[in-house]
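Report on the structure given below.
We name chains A, B, ... by the order of the sequence lines, and we start the count at 1 in each one.
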Amino acid sequence: MGGFYNDILEWYDRHRRVLPWRAEAGKKPDSYHVWLSEIMLQQTVVAAVIPYFQKFVDKWPTIHDLADADPDALMAAWAGLGYYARARNLHKAAKMISDTYSGIFPDTEQALKKLPGIGDYTSAAIIAIAHDKPAVVIDGNVERVMSRFFVIESQMPAAKAEIRRYAVQIYDPAHNRRPGDLAQAIMDLGAGICTPQSPSCGNCPVQSRCRIILEAASPEEYPRKAIKKTKKQRRGYIYHIETEAGEVLLEKRAEKGLLGGMTGFPTSEWVTGSSYPDHPGWLEGLSPAPIKNVLIKHVFTHFELSMKACRLRVADKDSIRNLPATYIWRSKSAVIDRKNDFPTIFRKFVPFINS
DNA sequence: AAGGCGTGGTG
DNA sequence: TCACCAAGCCT
């Protein structure tokens with residue numbers, strides 16, 4: 001393992017990327033920055049995270065500022081980044097760190113994993129990167145690098161146990177003198193060289209030791225994965241409802257579940273299959289009219305959604321009886337001005353509320 | 001423990 | 001253009 005360790009760190013020192021949350025070489029990073037970036041980086045590429053990270057640090061420079069943040073402002077700032085449970089958990093964890101830890105991040109994996117949104121990977125990453133202590137940091141990049149370097153034939157996710165056994169050797173504290181750099185080096189290698197498709201093996205610092213190269217196998221076929229299921233289709237309606245005074249109806253979604261805690265345009269239920277659902281009960285007796293040729297399509301991780309757009313003009317707010325308290329009115333100008341407070345699915349509809 | 005959970009970078 | 005899938009966590 002010594003050869004791998006030295007080669008990859010030598011490569012890292014030459015190719016180290018400058019990132020907003022990364023300290024200068026040899027300096028200790030801000031734990032708050034490390035944690036915030038790691039949460040944002042969960043299932044999300046670096047390029048997408050950078051502007052959000054900058055915005056959060058500008059708005060909330062310390063963990064205490066984030067703990068004191070207005071929840072709706074925090075969710076609005078996260079809008080567009082996806083996986084909104086991360087934002088809800090971020091705020092909960094910030095309060096816990098600010099209050100019970102006085103703003104000092106715990107330095108054991110066990111304590112970190114008690115914080116919402118921090119699991120096996122993120123706790124190890126914080127130990128290694130923020131505290132520069134040895135930890136077995138395994139993310140998708142590390143899994144890919146290990147599965148190729150050691151030619152692991154078992155299929156994911158079952159292969160995780162075997163991958164971990166190799167990773168434990170790689171991260172062995174007996175030789176790991178630069179825990180933070182080593183973890184980031186392997187992840188950077190996975191993100192930039194040992195990529196999922198068409199990896200640049202010719203530029204790899206450990207190509208001469210990599211078993212998949214030695215065996216002339218196909219790296220892009222590793223890690224072995226199960227065949228993916230096709231996404232199901234769901235259908236529904238999205239509504240532009242506006243008063244004569246120019247107020248637009250919005251819906252604050254439930255805290256749990258899809259788009260939890262986010263505000264968007266009202267929708268019907270979304271039903272699986274090729275048929276469309278009924279309009280929601282609070283629209284009883286009012287007949288929203290189809291907006292010709294406007295279909296909002298959106299792809300989620302586990303289904304594809306098509307929503308037919310409908311419009312309803314009402315005299316005033318009282319025109320809709322039995323409207324649940326989770327629905328709110330906002331001026332059309334504010335809706336357009338604050339477009340980016342919406343998740344992407346609802347941003348797509350904003351251009352259509354002007355006619 | 002398998003499935004829910006978003007979005008945009010990438011080739 | 002479009003399929004793939006990412007620095008995972010939670011239940």
Review point. Would A:Q42 and A:T122 satisfy side-chain hydrogen bond (donor to acceptor under 3.5 Å, both in side chains), going step by step from the backbone distance to the final call?
Key: CA-CA 9 Å; A:Q42 289 169 4; A:T122 305; 3.0 Å; yes
Once you apply a heavy-atom cut-off of 4.0 Å, does [X] come out as touching a base, just sugar-phosphate, or nothing?
| X | answer |
| --- | --- |
| A:Q197 | nothing |
| A:R144 | sugar-phosphate |
| A:P157 | nothing |

Taking the basic N atoms (NZ, or NE/NH1/NH2) and the acidic carboxylate oxygens, is any pair closer than 4.0 Å for [X] and [Y]?
| X | Y | answer |
| --- | --- | --- |
| A:E247 | A:K317 | yes |
| A:K28 | A:D132 | no |
| A:E153 | A:R224 | yes |
| A:K113 | A:E109 | no |

Review point. Any ring pair (Phe, Tyr, Trp, His ring centres under 6.0 Å) pairs touching residues 108-131 of chain A, not counting sequence neighbours?
Key: none
**Study point:** Listed once per pair and sorted, the ring pair (Phe, Tyr, Trp, His ring centres under 6.0 Å) pairs that draw on residues 27-54 of chain A, sequence neighbours left out
**Key:** A:W21-A:F53, A:H33-A:F53, A:W35-A:F105
Review point. B:dT7 phosphate, OP1 or OP2: any side-chain N/O from A:Y84 under 4.0 angstrom?
Key: yes
Review point. Is a donor-acceptor contact shorter than 3.5 angstrom present between the side chain of A:T44 and the base of B:dG6?
Key: yes
For [X], the rest of its hydrophobic cluster, which grows through side-chain links under 4.5 angstrom:
| X | answer |
| --- | --- |
| A:V151 | A:I212, A:I213, A:Y222 |
| A:Y83 | none |
| A:L286 | A:Y237, A:Y239, A:I241, A:L249, A:Y276, A:W282, A:L283, A:L295, A:L312, A:V314, A:I320, A:L323, A:Y327, A:W329 |
| A:V18 | none |

Expected output is a numbered-order residue list: members of [range] with a heavy atom under 4.0 Å from any atom of DNA chain B. What is it?
| range | value |
| --- | --- |
| residues 293-306 of chain A | A:H298, A:V299, A:F300, A:T301, A:H302 |
| residues 16-39 of chain A | none |
| residues 216-239 of chain A | A:K229 |
| residues 189-196 of chain A | none |

Does either side chain, that of [X] or that of [Y], offer a donor lying less than 3.5 Å from an acceptor on the other one?
| X | Y | answer |
| --- | --- | --- |
| A:T44 | A:R86 | yes |
| A:E220 | A:S198 | no |
| A:K231 | A:H302 | no |

Review point. What distance, rounded to whole Å, do you find between the two C1' atoms, one in C:dT1 and one in B:dG8?
Key: 15 Å
**Study point:** Euclidean distance for P, C:dA7 against B:dG4 (whole angstrom)
**Key:** 22 Å
Review point. Any sub-3.5 Å donor-acceptor pair from A:S123's side-chain atoms to A:G119's backbone N or O?
Key: yes
Practice item. State whether the side chain of A:T195 and the backbone N or O of A:Q197 hold a donor-acceptor pair below 3.5 Å, judged by distance alone. Key: yes
Revision key, fill the gap. Contacted region of DNA chain C by chain A, from 5' end to 3' end of the hits, cut-off under 4.0 Å to heavy atoms, spans C:dC5 to C:dC10
**Study point:** Option from A:F56, A:F342, A:W60 for which ring pair (Phe, Tyr, Trp, His ring centres under 6.0 Å) with A:W78 holds
**Key:** A:F56
Review point. Between residues 119-128 of chain A and DNA chain C, which residues have a heavy-atom gap below 4.0 Å?
Key: A:G119, A:D120, A:Y121, A:T122
Check your understanding: In terms of hydrophobic clustering (I, L, V, M, F, W, Y; side-chain heavy atoms under 4.5 Å; direct or indirect links), are A:I336 and A:L250 co-clustered?
Key -> yes
Practice item. Starting at atom CZ of A:F342, determine the distance to atom P of B:dG8, rounded to an integer number of angstrom. Key: 15 Å
Revision key, fill the gap. By nearest-nucleotide position on DNA chain B, the 5'-leaning member of A:R86 and A:A47 is A:R86
